[in-house]
Amino acid sequence: MFKIVKKRVLTPVTKLFEVEAPLVARKAQPGQFVVVRVSETGERIPLTVAATDPKAGTVTIVVQEVGKTSSMLGRLEAGQSILDFAGPLGKPAPLLDSGHVVVIGGGFGVAPILPIARALKERGVKVTGIVGARTKDLLILLDELRESCTDVLTCTDDGSSGMKGLVTDVLKKELIDKGVHIDQVIAIGPMVMMRAVAETTRPFNLNTLVSLDPIMVDGTGMCGACRCTVEGRTRFACVDGPIFDAHKVDFDEAVRRGKMYLSEQKLAFDRYKAEVAQ
Amino acid sequence: MPIKPRTPMPAQEAEARKRNFNEVALGYTEEQALAEAARCLQCKDAPCQKGCPVGVQIKDFIGLAKKGDWVGAYDKIKETNSLPAICGRVCPQEEQCEKVCLLGKRGQPEAIGRLERFVADMAMKRGVKVQKPDDSAPGRGHKVAVVGSGPSGLTAAGDLAKLGYGVTVYEALHAPGGVLIYGIPEFRLPKAIVAEEVNLLKDLGVRFETDVIIGKTVTVDELFDMGYEAVFLGTGAGLPKFMGIPGENLNGIYSANEYLTRTNLMKAYRFPEFDTPLKSGKRVAVVGAGNVAMDSVRSALRHGAEEAFVVYRRTEKEMTARAEEFEHAIEEGVKFHFLTNPVRFLGDENGWVKGMEVQKMELGEPDASGRPRPVPVPGSNYVIDCDTVVIALGTSPNPLVSSTTPGLKTKEWGGLIVEEETGKTTKEGVYAGGDAVTGSATVILAMGAGKKAAKAIHEYIQNKK
């Protein structure tokens, strides 16, 4: 059992937890993830590490409630415990030592880019953060991001914060078109957003990394549920990734495999919502 | 005098069992067990015992069983075998103890496995009292770490704990048991039995730490820093092999590891009561013909397949599955496409598998494995319809530990290099056994390796003093 020492509600459906997991806290590097299980009948889901405090022995995760497991997790409170919390898994993000890196977070993808931005900045890399959401209130962890980046650009669908548009519009119009030199782009968020970033940078041959978030079971290379095609080769996101060269990822396949259990996920979520409503 | 045939073991009828996940074999009644025990000749030299990888004192335990002394028989088995209820169910006895049984020379051999199972179940039902080693046990004051809680790890842990060592078993998954709980299906090995064997080890003083991935959460070198004097690696062969042919990543195509892990560990057959789903369809093709393939194809029937079939590039004769598993599959209606090999998978417009193009094979000269090499027959390609595919072509050891442990050497294919008699690896204080060394093999061979390594670890620590 892994005790939740702190909870922050970032939006009505996005929750941040600091979890007591000293062994993981000591080891986790930017870009790595943990596998979590919330109940004895529950499934195993991967969640990217958003921060660690090795001294306090805590690991921070951010959860967006999109289905049964994430909602069960989101409803937990400080003082309660997470049943299983195993990691760190996956390879750490490769980090440049100098130059200019643009980190892009879409939705709750802001959480996993934080430790990457922080580590880059500590190395003396110039870090520009781009974050987007539907509206201002849904932009999460802005203060933390500003601390971790040299500069932060925001955008919203309704123009309530920053540019009206998508993160790719900001990347293109505010940076690429203006001739700003960029050594690398790292994008984490929904698959559509990561794919759009890949397509935005491809014509400029701009080194771009994404962190895939496929369905997983064990998270240690045992099952192959998370397999994806990168540069024509089958890779396991859990052990070979989760971070890959965005221009070499077969996004069609990744999107398709991500939808494999849509009807079951909906059934489980509907049953759960009915249970909770009672 | 003619030899009496062996006492049959009651089992669920094929028609009924192929639609449920309950155990197929039902086990002897006390009367049946006594009748079977009575057949044993009690040979002076007990050849059966030499046929057992963990050296179970078969003659003596059956001798006690003849008198109905089930507890005595259980204690006798337990002297050398920590997991009798499991071995009685999944050991290939026909290739080991029963193969050399004298009764077998003139008729059917003694049903040693069935008796072992009965004795273990009977003892567990009556409540087993674990004898904890006392404070003068040689292992007291010494700590050993066991990595992986599959058959080799559990065996090593049990043997070391009996000697008084402080044993901690580290498991990457959320529950202990390794392949016994994620791989072998409920209908062959009920998970409650595995849990019970694990609990008996806990009673003996073994500690279990789940959710710890050695090589990631903690490295082997850090285990030594934590005060462990020796480490046993029973990390298994967890990496699934794929075929590398077009269409393999279509939706609905699983590795056997994933298909069975979802089913057994995550209990997908009880979805939505359990949250993990599995998409097992009406026409399920399983590629490969080992025990894991049999477990997969028989699971497919229980998940509701109208037709579940095996596609194998050789013939019945070269299959690596146990004869009993093959027979059970046939009884349940599994079809076999021999001398058939997939060349690509075909998908529908949504990216779901809808069939596989196969080619016919014929057997040629023996290959490196000693089995005839399958050779494609030109122009023999055709398509088999299916909506689910399970690839069961074997597994290889997971590099998580070897790649993070300086000094630990592996063979080219990933198997850890060890001294055969001791399980000693190339790194001081580190021992290994089971599938992590041999590649996918059997539960009992892994247990035998765990046993040898436990003995070697004991000697290593005692001599170090």
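All chains are named by letter (A, B, ...) in the order of the sequence lines, taking the proteins before the strands, and each is independently numbered beginning at 1. It should be emphasised that the depicted structure is a prediction, and the values quoted were computed from it without experimental measurement.
A donor-acceptor pair is defined here as one N or O able to donate and one able to accept, closer than 3.5 Å; no such pair exists between the side chain of B/K216 and the backbone of A/A28.
Heavy-atom distances place both the backbone and the side chain of B/L239 under 4.5 Å from chain A. Within the 4.5 angstrom heavy-atom criterion, no atom of B/S403 approaches chain A. Using a 4.5 Å cut-off between heavy atoms, B/E222 touches chain A through its side chain atoms alone. Neither the backbone nor the side chain of A/I45 comes within contact range of chain B; no heavy atoms are under 4.5 Å apart. When heavy atoms are compared at a cutoff of 4.5 Å, B/T261 approaches chain A solely by way of its side chain, counted from C-beta outward. With a threshold of 4.5 angstrom between heavy atoms, B/L400 approaches chain A through side-chain atoms but not through N, CA, C or O. Contacts of A/E40 with chain B are made by backbone atoms alone, with heavy-atom separations under 4.5 Å and no side-chain atom involved. Of the atoms belonging to A/L267, it is side-chain heavy atoms, and not backbone ones, that fall under 4.5 Å from chain B. Interface remark: B/F271 contributes side-chain atoms only to the contact with chain A (heavy atom separation under 4.5 Å). Residue B/K279 touches chain A through both its backbone and its side chain, counting heavy-atom pairs closer than 4.5 Å. B/I253 touches chain A through backbone and side chain together, each having a heavy atom under 4.5 Å away. For B/N249, the parts lying under 4.5 angstrom from a heavy atom of chain A are both the backbone and the side chain.
The candidate with the highest count of non-hydrogen atom pairs below 4.5 Å against chain A, out of B/P272, B/A237, B/A256, is B/P272. Residue with the most contacts toward chain B among A/L89, A/T41, A/V239: A/T41 (heavy-atom pairs, distance under 4.5 Å). Residue with the most contacts toward chain A among B/A268, B/S255, B/G238: B/G238 (heavy-atom pairs, distance under 4.5 Å). Comparing B/N257, B/T217, B/T276, B/V218 by heavy-atom pairs within less than 4.5 Å of chain A, the highest count is held by B/T217.
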Exercise. Hey, mind stepping through B/T219 and A/K27 against side-chain contact (heavy atoms from CB on, under 4.5 Å) and telling me if it holds?
Worked result: CA-CA 10 Å; B/T219 64; A/K27 280 287 165 64; 4.1 Å; yes

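The number of heavy-atom neighbours closer than 6.0 Å to NZ of B/K267, taken from other residues, nucleotides and ligands shown, is above 12. For A/K7, the NZ atom is densely surrounded, since the number of other residues' heavy atoms within 6.0 Å is greater than 12. Counting non-hydrogen atoms of neighbouring residues, nucleotides and ligands closer than 6.0 angstrom, the CZ atom of A/R75 reaches no more than 12 such neighbours.
You'll find the side chain of A/R37 stays beyond 4.5 Å of the side chain of B/D211, heavy atoms only. A heavy-atom distance below 4.5 Å is found between the side chains of B/P240 and A/F236.
Contacts between residues 76-86 of chain A and chain B, defined by a heavy-atom separation under 4.5 Å, are made by A/L83, A/D84, A/F85, A/A86. Inspection of non-hydrogen atoms places A/E253, A/R256, A/R257 of residues 243-258 of chain A under 4.5 Å from chain B. Listed by sequence position, A/V217, A/D218, A/T220, A/G221, A/M222, A/C223, A/G224, A/A225, A/R227, A/C228, A/T229, A/T234 are the residues of residues 216-234 of chain A in contact with chain B, using a 4.5 angstrom heavy-atom cutoff. At a heavy-atom cut-off of under 4.5 Å, chain B is reached by no residue from residues 52-65 of chain A.
Note that CE of A/M260 and CG of B/L250 are 10.0 Å apart. Values are rounded to the nearest 0.5 Å. Atom-to-atom distance recorded for A/K259:NZ and B/N251:CG is 10.0 Å, nearest 0.5 angstrom.
Ionic pairing of B/R262 and A/E43 is not present here: no N-O contact between side-chain nitrogen and carboxylate oxygen is shorter than 4.0 angstrom.
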